[in-house]
Chemist: 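My structure is below; once you've seen it, I'll send some questions.
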Amino acid sequence: QEQLVESGGGSVQAGGSLRLSCVASGYDYSIFCIGWFRQAPGKEREGVASICSDSITSYADSVKGRFTISQDSAKSTVYLQMDSLKPEDTAMYYCARKQGLLAEGVLRTAAMYAHWGQGTQVTVSS
C-alpha cells in the first residue's frame, strides 16, 4: 500500500528556515508528481510547490524565491526547503503523490492527487 510520511516541521522565528521531507513507499511506478500543500486553521488547502518525475516544478506566487522543491529518487524522497519564513507560512504541511504527469496548470491542484501523508506542522513566530 502506498504511503507518504512527512517530517521536518517545527517552530521557527520569522526569517528562519526549515526543510521538510516526504518519503514515499509501497508504490510501483516511476512516472509521478508530488506536491506540497498547506492548510492553516480556517483556510482552504493551498498548493505550495510541486515536482514531477520529469523534473518540472511549480510554485505558488507567495513562496517563489523563498521555497525550493527537490527530489532524491534514490531515496524516494521529496524535499521542501523553506527559507525567509514568514508568520503567514504557519500551517500544517502535507505532501501528496499522483501516478503519472500533470499539466502545468493543475500541478498544485489538491484534487488531482490521490495519496496523502498525515502532515507536519510549521509554525513561524514574528
Side-chain angles (χ1 to χ4, degrees):
Q1 184 175 354
E2 188 159 344
Q3 187 175 19
L4 299 170
V5 178
E6 304 98 332
S7 63
S11 297
V12 296
Q13 290 191 326
S17 298
L18 286 172
R19 188 177 79 157
L20 306 184
S21 299
C22 173
V23 180
S25 62
Y27 62 94
D28 60 0
Y29 50 87
S30 60
I31 300 176
F32 58 86
C33 292
I34 290 185
W36 280 101
F37 297 81
R38 66 186 181 188
Q39 189 165 20
K43 294 188 176 182
E44 292 188 355
R45 189 165 295 191
E46 173 191 18
V48 175
S50 60
I51 188 167
C52 297
S53 50
D54 60 357
S55 299
I56 296 295
T57 59
S58 175
Y59 294 92
D61 288 343
S62 58
V63 306
K64 280 181 181 177
R66 300 188 298 122
F67 291 10
T68 304
I69 191 170
S70 62
Q71 59 183 332
D72 184 337
S73 299
K75 296 182 179 179
S76 299
T77 302
V78 170
Y79 303 99
L80 185 66
Q81 177 67 41
M82 306 187 296
D83 299 319
S84 302
L85 283 162
K86 303 175 181 180
E88 51 263 44
D89 294 318
T90 295
M92 183 71 79
Y93 283 70
Y94 302 88
C95 68
R97 185 180 175 107
K98 181 215 178 299
Q99 182 176 1
L101 301 178
L102 288 169
E104 192 166 353
V106 294
L107 276 170
R108 290 180 285 106
T109 301
M112 303 304 293
Y113 290 81
H115 305 282
W116 290 79
Q118 294 300 306
T120 185
Q121 177 68 37
V122 171
T123 303
V124 185
S125 58
S126 56

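Bear in mind the structure is a predicted one, so any value in this text is a computation, not a measurement. All values below were derived from every heavy atom in this structure, side-chain atoms included, with hydrogens, water molecules and symmetry-related copies excluded.
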Chemist: Please evaluate residues Tyr93 and Met82 with respect to the criterion side chain to side chain contact (heavy atoms under 4.5 Å, CB included), reporting the C-alpha separation (whole Å), side-chain torsions for both, the decisive distance (0.1 Å), and the verdict.
Modeler: CA-CA 12 Å; Tyr93 283 70; Met82 306 187 296; 3.9 Å; yes

Chemist: Could you pull out the closest heavy-atom pair between Thr120 and Leu20, with the gap in Å?
Modeler: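 Scanning both residues, the minimum pair turns out to be CG2-CD2, 4.0 Å.
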
Chemist: Counting neighbours of CD on Glu104 that are heavy atoms of other residues, nucleotides or ligands and sit closer than 6.0 Å, is the number greater than 12?
Modeler: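 Check fails, neighbour count at 12 or below.
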
Chemist: Step by step, would you call Ser50 with Lys98 a side chain to side chain contact (heavy atoms under 4.5 Å, CB included)?
Modeler: CA-CA 11 Å; Ser50 60; Lys98 181 215 178 299; over 6 Å; no

Chemist: Between Lys86 and Val124, which heavy-atom pair has the shortest distance, and what is it?
Modeler: O-CB, 3.3 Å

Chemist: Evaluate the side chain to side chain contact (heavy atoms under 4.5 Å, CB included) criterion for residues Ser17 and Asp83: first the C-alpha distance (whole Å), next the side-chain angles of each, then the deciding distance (0.1 Å), finally the verdict.
Modeler: CA-CA 4 Å; Ser17 298; Asp83 299 319; 2.8 Å; yes

Chemist: With distance as the sole criterion, is a donor-acceptor pair present between the side chains of Ser58 and Arg108 under 3.5 Å?
Modeler: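 Result is yes, a qualifying pair exists.
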
Chemist: Is the shortest side-chain N to carboxylate O distance from Asp61 to Lys64 below 4.0 Å?
Modeler: yes

Chemist: Do Trp36 and Val12 land in one hydrophobic cluster if side-chain heavy atoms of ILVMFWY residues count as linked below 4.5 Å?
Modeler: yes

Chemist: On the 0 to 90° scale, with breaks at 30° and 60°, tag the Tyr113-Phe37 ring pair as parallel, tilted or perpendicular.
Modeler: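 It falls in the perpendicular class, over 60°.
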
Chemist: Where is the tightest heavy-atom contact between Leu4 and Cys22, given as atom of each residue plus distance?
Modeler: CD2-SG, 4.0 Å

Chemist: If you define the side chain from C-beta out and look only at heavy atoms, does anything of Phe32 sit under 4.5 Å from Gln71?
Modeler: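 The answer is yes, as the side chains (C-beta and beyond) meet within the 4.5 Å cut-off.
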
Chemist: Checking Ser76 side chain against Val23 main chain: does a donor-acceptor pair fall under 3.5 Å?
Modeler: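 Pair absent, no side-chain N/O of Ser76 close to backbone of Val23.
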
Chemist: Consider only side-chain heavy atoms of I, L, V, M, F, W and Y, link residues closer than 4.5 Å, and tell whether Val78 and Leu18 are in one cluster.
Modeler: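 Linked, Val78 and Leu18 end up in one cluster.
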
Chemist: Kindly say whether Asp72 contributes a backbone atom to a donor-acceptor pair with the side chain of Thr77 at under 3.5 angstrom?
Modeler: no

Chemist: For atom CD of Glu2, is the number of surrounding heavy atoms from other residues, nucleotides or ligands below 6.0 Å larger than 12?
Modeler: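 Yes, CD of Glu2 has more than 12 neighbouring heavy atoms, counting only those of other groups under 6.0 Å.
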
Chemist: Does any N or O in the side chain of Gln39 come within less than 3.5 Å of the main-chain N or O of Ala91, such that one atom is a donor and the other an acceptor?
Modeler: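 No, Gln39 side chain to Ala91 backbone: no donor-acceptor pair under 3.5 Å.
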
Chemist: For the side chain of Glu6 and the backbone of Gly119, is there at least one donor-acceptor N/O pair under 3.5 Å apart?
Modeler: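 Answer holds: yes.
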
Chemist: Go through Gln13 and Leu85 one step at a time and tell me if the side chain to side chain contact (heavy atoms under 4.5 Å, CB included) criterion holds.
Modeler: CA-CA 8 Å; Gln13 290 191 326; Leu85 283 162; over 6 Å; no

Chemist: Considering non-hydrogen atoms only, spot the tightest contact between Val106 and Leu102 and give its length.
Modeler: O-CD1, 3.9 Å

Chemist: Would you give the length of the straight line joining atom CZ of Arg19 to atom CD of Gln81, rounded to the nearest 0.5 angstrom?
Modeler: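 Answer rounded to 0.5 Å: 7.0 Å.
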
Chemist: If every non-hydrogen atom of Pro87 is compared with every non-hydrogen atom of Ser125, which pair is closest and at what distance?
Modeler: CG-C, 4.5 Å

Chemist: Of the non-hydrogen atoms in Ile56 and Leu107, which two are nearest, and what is the gap between them?
Modeler: CG2-CD1, 4.0 Å

Chemist: Inspect the surroundings of CG in Leu101 and state if more than 12 heavy atoms from other residues, nucleotides or ligands are less than 6.0 Å away.
Modeler: yes

Chemist: Checking the side chain of Tyr59 only, and the main-chain atoms of Ile69 only, is there a donor and an acceptor separated by less than 3.5 Å?
Modeler: yes

